[in-house]
Student: 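Below is one structure. I have some questions about it.
Count residues from 1 along the sequence.
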Amino acid sequence: GMTSLFYANEQAERPAAIATITTMNKAVFGVIALLLGYGIVGLAAISIFNNVLTLLVLLWAGRKLIGRIGQPAPDTRLIREMVSESLPLMLNHFLATIFFQVDILILQALKGAETVAQYSTGYKWLLAINIVPSFFTQALFPVMSRQAQDDRAALSRTFRFGIKLLFAATLPLAVAFTVLAEPLTLILGGARYIPDGAIALQLMIWSIPIGWMNSLTQYALVSLGLQRMITRAFAAAVSFNIVANVIFIPEYGFQAAAVATIVSELALFIPFITLVRGKLDDVRISSLLWRPLVALAAMLLLLFALGASLPALIASGVVYVAVLALLRPLDAAEGAALLRLLPAGLRDYTLVRWITVAQSRSG
């Protein structure tokens, strides 16, 4: 609740900093508890301590946002309005959880625990990097909500800018995880999870280009008050995901589950972007995505020519950035906005300013 209050007031940096400190405390005190011999009970106690400490820090840091407590009697009219607006959001979150995790339940039932273990090594990496769109969209949501009420044209610009950034970031990231799947699986699970765990990661990582766009698009639709339409789209995508997994997992195993995740993200994206285009002007998805796709093609060509290795990955990554910069994916306003988001130390570099400020073509 307190974290949401900070996000609503566009102060996302405060809960982010506090969460970082909390994570560090959890690691340090958790190790101490284990070294002292308290085991999992000690870890549980550390978890309680960290949560209480985090709450106290958030309350203190957000005391001005809370303000004075109003009348002690609950406002029943406000409660009814809140329930009416938030019930679809609860259902959407429930369906999103099913959408993303139902394949594991079906794998467990049809293929057993060993297959689930192999699949889960790649799945954990996917969960880890999906923190990025989660925090990005939560930070952007208050801005989009305000723009949805006051300036739809500004919301359209914000949405296009966010889609460009997320999609451009996912493509080289997906390539990197594909190339480094085996060492990443070894780090997380060990040699017994090779090659199946690595194959699962190589497949499911390609869900993020569509999944990250879905994350932002969902929040844009909520800002437009279309959460009930989102519920329908999620219900359809979840149904498709379940049917696809039930049909194909018996024959193709975890590979089918990974591919079904990608196709299900696409099945969700189509109604999402259709709804957005019905409310916002100038949301042409092809114009937003073709430049990163051309840069990806150049990256893959060099990677195939050099072979799948870490030096080749680094070199192809440089090519991706160079080609994307030459194609000028951002317009002038987006370039200036991106420049403001960068750390102060990077803004004075000639290359950075050329990529951002000198963008003159419309994205």
Student: Can you confirm whether more than 12 heavy atoms, excluding those of Asp281, are under 6.0 Å from its CG atom?
Tutor: no

Student: Please check if the number of heavy atoms outside Glu13 that lie under 6.0 Å from its CD is greater than 12.
Tutor: yes

Student: Check whether any side-chain heavy atom of Pro133 lies under 4.5 Å from a side-chain heavy atom of Leu216, and answer yes or no.
Tutor: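 With C-beta onward as the side chain, the pair stays apart.
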
Student: Checking Thr261 against Ser207: is there a side-chain donor and acceptor pair closer than 3.5 Å?
Tutor: no

Student: Taking 4.0 angstrom as the limit, do Asp282 and Arg160 come out as a salt bridge?
Tutor: yes

Student: State, without any angle test, whether Ser223 and Gln147 hold a side-chain donor-acceptor pair at a distance under 3.5 Å.
Tutor: no

Student: For Gln118 and Arg192, indicate whether the former's side chain and the latter's backbone hold a donor-acceptor pair under 3.5 Å.
Tutor: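 Yes, Gln118 side chain to Arg192 backbone: donor-acceptor pair under 3.5 Å.
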
Student: Using side chain to side chain contact (heavy atoms under 4.5 Å, CB included) as the criterion, list what pairs up with Phe94, not counting sequence neighbours.
Tutor: Ile98

Student: Can the ring centroids of Phe254 and Tyr123 be said to lie less than 6.0 angstrom from one another?
Tutor: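 No, ring centres 6.0 Å or more apart.
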
Student: Under 4.5 Å between any side-chain heavy atoms of Val143 and Arg146, yes or no?
Tutor: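 Val143 reaches Arg146 side chain to side chain.
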
Student: Do Phe240 and Ile106 share a hydrophobic cluster, counting only Ile, Leu, Val, Met, Phe, Trp and Tyr and linking them when any side-chain heavy atoms are less than 4.5 Å apart?
Tutor: no

Student: So do the side chains of Arg14 and Leu58 get within less than 4.5 Å of each other, counting heavy atoms only?
Tutor: no

Student: With a 3.5 Å cut-off and no angle check, do the side chains of Asp103 and Tyr119 form a donor-acceptor pair?
Tutor: yes

Student: Could you check whether any side-chain heavy atom of Lys124 comes within less than 4.5 Å of a side-chain heavy atom of Leu188, counting everything from C-beta outward?
Tutor: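 The answer is yes, as the side chains (C-beta and beyond) meet within the 4.5 Å cut-off.
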
Student: Over 60° means perpendicular and under 30° means parallel, so classify the ring planes of Phe99 and Phe234, tilted if in between.
Tutor: perpendicular

Student: Side chains of Glu85 and Gln227: any donor to acceptor distance under 3.5 Å?
Tutor: yes

Student: Could you check if a side-chain atom of Leu293 sits within less than 4.5 angstrom of a side-chain atom of Leu171, using non-hydrogen atoms only?
Tutor: yes

Student: What do the steps show when you test Trp206 against Thr178 for side-chain hydrogen bond (donor to acceptor under 3.5 Å, both in side chains), and what is the final call?
Tutor: CA-CA 9 Å; Trp206 288 97; Thr178 303; 2.9 Å; yes

